[in-house]
Amino acid sequence: MPRTLLIDVPENFSFRSTVYSHGWCELLPFELDDENWRLSYVFSDAGNGKHSPGVMYENDGKVVVELANAKVPDVKVLADARHILRLDEDLTDFYGKLTQNEALAWVSEKSAGRMLRSPTVWEDLVKTLCTTNCSWALTKIMVRNLVEKLGAPAGRGKYAFPTAEAMARMPEHFYRDEIRAGYRSPYFIELAESVTSGKLDPEAWLHSELSTPELKKEIKSVKGCGDYAAENLLKLLGRYDGLALDSWLRSQFYKKHNREKVCNDKKIERHYSKYAEWRGLAIWCDMTERWFTDGR
DNA sequence: GCGTCCAGGTCTACC
DNA sequence: GGTAGACCTGGACGC
């Protein structure tokens with residue numbers, strides 16, 4: 001039976017700014033209707049293998065979650081929605097840092113800075129691997145293939161994000177031929193097997209007591225995860241002291257701050273050093289300003 | 001239509 | 001520790 005849940009949001013929360021924070025809203029099981037500002041997702045109760053396609057949107061100062069069925073318990077859906085939209089993340093200190101720089105004043109005005117994420121670190125980790133060394137178009141293809149070919153059917157033509165168990169079962173040629181993952185194929189299998197065997201627990205990274213450099217080292221132990229991928233995942237975990245520089249971010253920096261000339265990473269790091277532990281979020285907001293101020 | 005380049009990089013071998 | 005070369009794919013681009 002369909003049902004509707006309501007979630008209170010913090011004062012400095014913007015549904016649009018959060019959904020548009022980066023490309024994750026374009027990766028299945030997320031789907032964005034940017035005319036009506038509704039974000040779809042397939043919620044899962046991993047323990048029971050149940051799934052509920054849902055739609056999130058903002059109305060009257062609350063986030064509304066409409067669900068197609070009652071297969072996933074309310075408490076699980078609510079927790080996942082809060083996690084996805086980062087409703088419990090306190091950005092007060094970050095916004096305070098931005099008052100030192102008028103150029104980034106728009107961030108707090110637009111209530112930006114909450115980077116959309118998946119309900120599980122597992123899903124974010126796999127998606128991050130899909131962003132490495134390829135175009136965004138290929139990233140979307142790989143994620144779509146993973147979801148539609150390995151995800152559990154959830155009705156209405158929707159699929160949940162595949163579990164580690166489902167991914168561990170498939171042979172390498174499946175990833176090469178069906179997912180189009182190329183050289184990443186053995187990495188996916190190794191990662192999935194590590195998670196299913198209990199050797200690796202990505203969800204524990206959310207509350208890890210390790211320092212960021214130590215946690216980064218652990219993330220980089222995953223084959224296919226280098227500096228960019230580890231720092232990108234750290235941002236999704238709520239740690240912003242790495243810049244997660246990739247070719248897109250670098251090119252945007254050259255255009256905006258270096259007269260379109262290439263420079264080394266040290267210069268980029270110096271530029272954002274004043275934001276201290278928030279520098280990774282500061283560079284991301286700075287480089288994506290047009291998305292929020294010009295419309296996207 | 002075909003070849004080349006490169007994109008939201010990383011791994012390995014070698015020095 | 002630093003660096004060169006290999007690695008899959010698909011889209012853009014030049015011819």
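Each chain gets a letter, A, B and so on, in the order its sequence line appears, and its residues count up from 1. All figures in this text were calculated on a predicted structure; none of them were measured in a lab.
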If you measure from the [atom1] atom in [N] to the same atom in [M], how many Å do you get, rounded?
| N | M | atom1 | result |
| --- | --- | --- | --- |
| C:dC8 | B:dA7 | C1' | 12 Å |
| B:dC5 | C:dG5 | P | 15 Å |
| B:dT12 | B:dG8 | P | 25 Å |

Just checking A:Leu138: base, sugar-phosphate only, or nothing, at a heavy-atom cut-off of under 4.0 Å?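 If one applies the 4.0 Å heavy-atom cut-off, A:Leu138 turns out to touch a base.
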- [ ] Describe the nucleic acid contact of A:Ala244 in one word from base, sugar-phosphate, nothing, applying a heavy-atom distance below 4.0 Å.
- [x]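 The answer is nothing, as A:Ala244 stays clear of every strand by at least 4.0 Å.
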For [X] and [N], what is the distance between atoms [atom1] and [atom2] respectively, to the nearest whole Å?
| X | N | atom1 | atom2 | answer |
| --- | --- | --- | --- | --- |
| A:Ile179 | C:dT9 | CD1 | P | 13 Å |
| A:Lys223 | C:dA6 | NZ | P | 19 Å |
| A:Tyr183 | C:dT9 | OH | P | 11 Å |
| A:Ile219 | B:dC11 | CD1 | C1' | 18 Å |
| A:Asp227 | C:dG1 | CG | P | 13 Å |
| A:Ile283 | B:dG8 | CD1 | P | 15 Å |
| A:Asp246 | B:dC6 | CG | C1' | 14 Å |
| A:Leu191 | B:dT10 | CG | C1' | 15 Å |

Tell me, yes or no, whether the heavy-atom count around [X] atom [atom1], taken from other residues, nucleotides or ligands under 6.0 Å, exceeds 12.
| X | atom1 | result |
| --- | --- | --- |
| A:Lys256 | NZ | yes |
| A:Arg82 | CZ | yes |
| A:Lys50 | NZ | no |
| A:Lys71 | NZ | no |

### Per A:Trp284 side chain, nearest of listed nucleotides C:dC8, B:dT10, B:dG8
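Of C:dC8, B:dT10, B:dG8, B:dG8 is nearest to the side chain of A:Trp284.
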So, is [X] near the phosphate of [N], with a side-chain N or O under 4.0 Å from OP1 or OP2?
| X | N | answer |
| --- | --- | --- |
| A:Ser247 | B:dG9 | yes |
| A:Arg180 | C:dG10 | yes |
| A:Arg184 | B:dT10 | no |
| A:Lys220 | B:dT10 | no |

Residue closer to the 5' end of DNA chain C, A:Asn133 versus A:Ala137 (nearest nucleotide):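 Of the two residues, A:Asn133 wins.
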Q. With centres under 5.5 Å and planes under 30°, do A:Trp136 and B:dA7 count as stacked?
A.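 No; centroid distance or tilt outside limits.
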With both pairing distances under 3.5 angstrom for Watson-Crick or G-U wobble, and | for a partner in another strand, the correct string for DNA chain C is |||||||.|||||||
Both A:Val222 and A:Trp248 contact DNA chain B. Taking the nearest nucleotide for each, which residue is further toward the 5' end?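 Mapping each residue to its closest nucleotide by heavy atoms, the 5'-most match is A:Trp248.
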Between [Y] and [X], is the closest basic N to carboxylate O distance under 4.0 Å?
| X | Y | answer |
| --- | --- | --- |
| A:Glu260 | A:Lys255 | no |
| A:Glu58 | A:Lys62 | no |
| A:Glu123 | A:Lys127 | yes |

**Message:** So, applying side-chain hydrogen bond (donor to acceptor under 3.5 Å, both in side chains) with A:Lys158, which one of A:Glu31, A:His51, A:Glu148 is it?
**Reply:**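 Going through A:Glu31, A:His51, A:Glu148 one by one, the side-chain hydrogen bond (donor to acceptor under 3.5 Å, both in side chains) with A:Lys158 is satisfied by A:Glu31 alone.
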